[in-house]
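Please read the structure below before turning to the comments.
Just so you know, these numbers use all the heavy atoms, side chains as well, and skip hydrogens, waters and symmetry mates. Numbers restart at 1 for each chain; the letters A, B, ... are given by sequence-line order, proteins then strands.
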Amino acid sequence: MNKELPKIYEPKKVEKEIYTAWEKDGFFQPDKNTANGKYSIVMPPPNVTGTLHMGHAAMLAIEDILIRYNRMQGKSTLWIPGTDHAAIATQTKVEKIIKEEGLTRHQLGREKFLERVRQFAQQSHDTISEQVRAMGSSCDWSREAYTLDETRTKVVRTVFKMMHDDGLIYRGDRVVNWCPRCKSTLADDEVEHKTQKAPLYTFKYDKNFPITIATTRPETKLGDTAVAVNPSDERYKKYVGQTLSADFCGKKLNLKIIADRNIEMDFGTGALGVTPAHSMIDWKMAKEHDLEIVKVIDEDGNIKEGFAEFSGKSAKEARKMIVEKLSQQNLIEKEEEIENNLSVCYRCGTSIEPLPSLQWFVDVNKKISRHGKSLKELSLAAVSSGVFDREKIQIIPERFEKDYFRWMENLQDWCISRQIWFGHQIPVWYKDGETFVGIEEPAGDEWIQDTDTLDTWFSSGMWTFSTLANNPEQIKLENGKLIIDSEDFRNFHPTDVLETGYDILFFWIARMILMTTYAIGDIPFKNVYLHGLVRDDKGKKMSKSLGNVIDPLDMIAKYGTDATRLSLVIGSTPGNDLKLSEEKIESFRNFTNKIWNIGRYIISNQTKEKTGQIECKNFTLADNWILSKLQEVVMQVTDDIEKFRFSQASEKLHDFTWSEFADWYLEIAKFEDNKTEKQWVLENVLDTILRLWHPFMPFVTETIWKELDRKKSLINEKWPTTDAQTENTVAHEKLFDFIREIIIAIRNARIENKIDLKKEISILISTENQKDYQGTNTQKLIQEQEIIIKKLRTGVSSIGFTDTKIENSITRTIAGLTIYIPLEGLVDVKKEKEKITKEIESIEKFVGGLRGRLENADFVAKAPAQVINQQKETLAKKQTELAELKKHLSSL
RNA sequence: GGGUGAUUAGCUCAGUUGGCUAGAGCACUUCUCUUACAAAGAAGGGGUCACUGGUUCGAGUCCAGUAUCACCCACCA
């Protein structure tokens, strides 16, 4: 029965249909039977701000590999998809859109604006979910979550209340990073620093003031309440502790002179005017020294009331006026240009204004009575030693642990309120000075909810457990403990792997660990796998403005999903950035086609009648060779995936599939006459490599699988296992590799005209040790090699056996068989000599080392007897080999 | 200022706890329409593993230092 299949595999024609069928058949949902183990991943939710990029594609590819692999291991496997509302990012995006219509959010009003945001988010969500599907992601859509949906909102509010009840959430004044344009607070890590040149003014507050100070922001000096100097600075020692008053541009200042070791004596005048309200470090100093806090600048970035002619002016204008006034009074000693870092909003680029403001905070240092530890301590323990009887969380690559610790140790109280509209509104209500914190709105009309919303990481920090609740009713707060009463939560938490880019280690991963250890009393995940950033082929970040963006959907349309996925996996190692080019994807498209054609050939030779009993006795050298290599590959690929080495796994598979199976075995199979056995081997190897490839390339493998007339989908098939290698098959493998090498050498000699084509050349194999090859049909072996020889037109006319020693020939002993190749004209004697000399050298080194070790009393005393015996055996073997090689060398 | 990583073929990168002749893809050269695949096949060229020392029988791999590049954190009053 010969099936006609197209020569070229066209992914576009099949992918969508296959995915739809998988989804419809419920293959993405976890098996109810959890007897074989459980495995779960929650997808890092993409922001609903637009479309997916290559970074997302890499994330999906890696997670899908893990999920499919574990599903094939028979585990009940769950992968939850979802999206993030990404408060500030989304709101800013929509503000830009309505700006084009000439509107601002304030003109629209809260409700109408939020409706626009919701529409936009919905659209984005739909696009994203299509893209996630196009990547072949086998995630369970029936459990899809959104950080702002009803169930997640319930979790967020419950945890907020819980933290509030535990005294971890408080409201307080603090200098925060304020963006005057976004009218919102920014977290420290949302602030970007830009290098700029700015004038540094060195001046005195008034002409009687004894200390000269330097600043780039004279206008804030209106709010100075102290002057700080280094404690060991001799110039100012006498003033420390005094309070001096000054008349600064008409404003009376009372300045306490304080000593602080953070002050650098070499910068400026070594004295710093302390403005508690408008500088982070000044705020800290003010707290330490109990200074008065005077606010100068308001939320719009203008000077507040009470500062005479400066009031109402923008900070910039006020600065100009003050500089002018100071120079009129001749108080400016120096004006120089310095380079400093301007803090700007990561969203809009507006320079941020540090302002004291009333915000909600999470206390990270307060001990939680239930755990006996603070949030910070819990989070540190989860990664360093483990908490709640769990093993420590493993971060891959390990080096990021250090970053994590450093960041966590320096963590300050977390400001969780944002002055934007889109997001989880803070579940706090006010009425006539009364405050209510709760999950539901309190009864009665007059209650007004806090207008601030929560930092987006507050909700995404709960992602591993909030997604495992299926509806709001399952979420309860009982005796101060969070209960998630769902089957999914009991089965799948903690999750197995959290896979994401290293750029959000602090933003997100750290916050998930913090939130989960606190609220659930467990770790959120056992492993963290951090992939690198996907960059363009020159190593630049992909960005729209640079025009170097490679859109995953374009690539999928052009080269297919499987090729796109492979290009993101091969050559990519955890924590390292990946440079991607279209050529790379193209090369994997070619590989997809290769697999397709391998399948196509084998299918075209399928016979109608079931292959009967296979006689292993009829297996040839090549059959044993490929089967033995296959075993090795199964072992290595399994091991690699278990250890998160996806690049290595797929490279090995790639190499086996193309260079060994297709290039050699398939070619030999064409000329072979044990057809039944050959077809059996072909089909079996194909069957196995389709399984191995499936997590990496789900579509092409499923397509071939179906063409092979397999009834079930490949998705639920078992992952291949290995049998123990017999010595015999290993020997076959080595022998075959050697003959392959000889044949290539002979062929090259022929091409270089070193061999007379008409001359008879034979490879002779000694019959001496044939008993080592029991089970091998020696006649077949010879035939097979002759076929290879003919096929490759090497000029070798035969392979035969000999019972006498052949002098003057290349002699090799491979796996117990002695092989003679008549020397004359075949091999470059000089090259061969060099090669053998090198080999002797390296073996001598090896033997020397082994002997040294075996003579080392310490080693002999400590090592197990088995290891010592093994090494002794190896030594003996190597010594024999060495003797043979030396003999051979001298015979040349 | 503090930290992390990288440096391997022309390009992009693999290389596990040190071990046998350092690999792949792309590019390059030569040959081949051979009935799975020209998106192919066969063969080949190309490397002082950044540099200098050290440990070791043995170093791309471990240690110390140097150089260059990249990134992260803090801060620049």
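Side-chain proximity of A:Q648 to the nucleotides B:A42, B:A40, B:A14 is greatest for B:A14. Closest to the A:T215 side chain, of the nucleotides B:A77, B:G41, B:A14, is B:A77. The side chain of A:R589 approaches B:A39 more closely than any other nucleotide in the set B:A38, B:A40, B:A39. Taking the side chain of A:K594 as heavy atoms from C-beta on, and the options B:A14, B:U12, B:G41, the nearest nucleotide is B:G41. Between B:C37, B:G25, B:C75, one nucleotide has an atom nearer to the side chain of A:N593 than all others, and that is B:C37. Set against B:C75, B:A24, B:U12, the side chain of A:K579 has B:U12 as its closest nucleotide. Checked against B:C37, B:C26, B:A77, the side chain of A:S587 finds its nearest nucleotide in B:C26.
Distance check on atom P: B:G44 versus B:G25 gives 14 Å, rounded to whole Å. Rounded to whole Å, the P atom of B:A42 lies 16 Å from the corresponding atom of B:C33. The same atom, P, is picked in B:G58 and in B:A67; the two are 29 Å apart, to the nearest Å. Comparing the same atom, P, in B:U29 and in B:G46 gives a spacing of 16 Å after rounding to whole Å. Remark: the separation of the C1' atoms in B:C31 and B:A70 is 44 Å, to the nearest Å. Taking the C1' atom of each, B:G15 and B:C71 are spaced 24 Å apart, rounded to whole Å. Distance check on atom P: B:C63 versus B:G18 gives 10 Å, rounded to whole Å. As rounded to the nearest Å, B:C69 and B:U34 have C1' atoms that lie 49 Å from one another.
When heavy atoms are screened at a 4.0 angstrom cut-off, A:I8 is found touching base atoms of the nucleic acid. Nucleic acid contact for A:A662: base, since at least one base atom lies under 4.0 Å from a heavy atom of the residue. Counting any heavy atom pair closer than 4.0 Å across all strands shown, A:N410 reaches no nucleic acid atom.
The aromatic ring centres of A:F656 and A:Y665 sit 6.0 Å or more apart. Aromatic ring centres of A:F699 and A:W693 lie farther apart than the 6.0 Å criterion allows.
Nucleotide B:A36 holds its P atom 14 Å from the CZ atom of A:F661, rounded to whole Å. Taking atom CG of residue A:L578 and atom C1' of nucleotide B:C13, one finds them 9 Å apart after rounding to whole Å. Protein atom CZ of A:R600 is 14 Å distant from nucleotide atom P of B:A39, rounded to whole Å. Summarising the geometry, the separation between OH on A:Y404 and C1' on B:C73 is reported as 17 Å, rounded to the nearest angstrom. Nucleotide B:A77 holds its C1' atom 7 Å from the NZ atom of A:K221, rounded to whole Å. Between the CZ atom of A:F588 and the P atom of B:A39 there is a distance of 18 Å, given to the nearest Å. When the P atom of B:A77 is taken as reference, atom CH2 of A:W283 falls 20 Å away, rounded to whole Å.
A distance-only check finds a donor-acceptor pair linking the side chain of A:T701 to the backbone of A:M697 [under 3.5 Å]. The closest donor-acceptor contact from the side chain of A:R600 to the backbone of A:L5 lies under 3.5 Å. Checking side-chain atoms of A:D562 against main-chain N and O of A:V700 turns up a donor-acceptor pair under 3.5 Å.
Between A:W596 and A:Y9, the angle of the ring planes lies from 30° to 60°, which puts this pair in the tilted group. Between A:F588 and A:H654, the ring-plane angle classifies as perpendicular under the 30° and 60° cut-offs.
For A:T573 and B:A14, the shortest distance from a side-chain N or O to OP1 or OP2 is below 4.0 Å. Note on A:K584: every side-chain N or O is 4.0 Å or more away from OP1 and OP2 of B:G25. Taking side-chain N and O atoms only, A:W658 has no distance below 4.0 Å to OP1 or OP2 of B:G25. In this model, the phosphate group of B:A36 is not approached by any side-chain N or O of A:N605 to a distance below 4.0 Å at OP1 or OP2.
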I'd like a list of close polar pairs between nucleotides 4-10 of chain B and the protein, N/O only, cut-off under 3.5 Å.
none

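For A:E398, the CD atom sits in a loose shell: 12 or fewer heavy atoms of surrounding residues, nucleotides or ligands are nearer than 6.0 Å.
Heavy-atom minimum distance, A:L686 versus A:I598: CD1-CG2, 4.2 Å.
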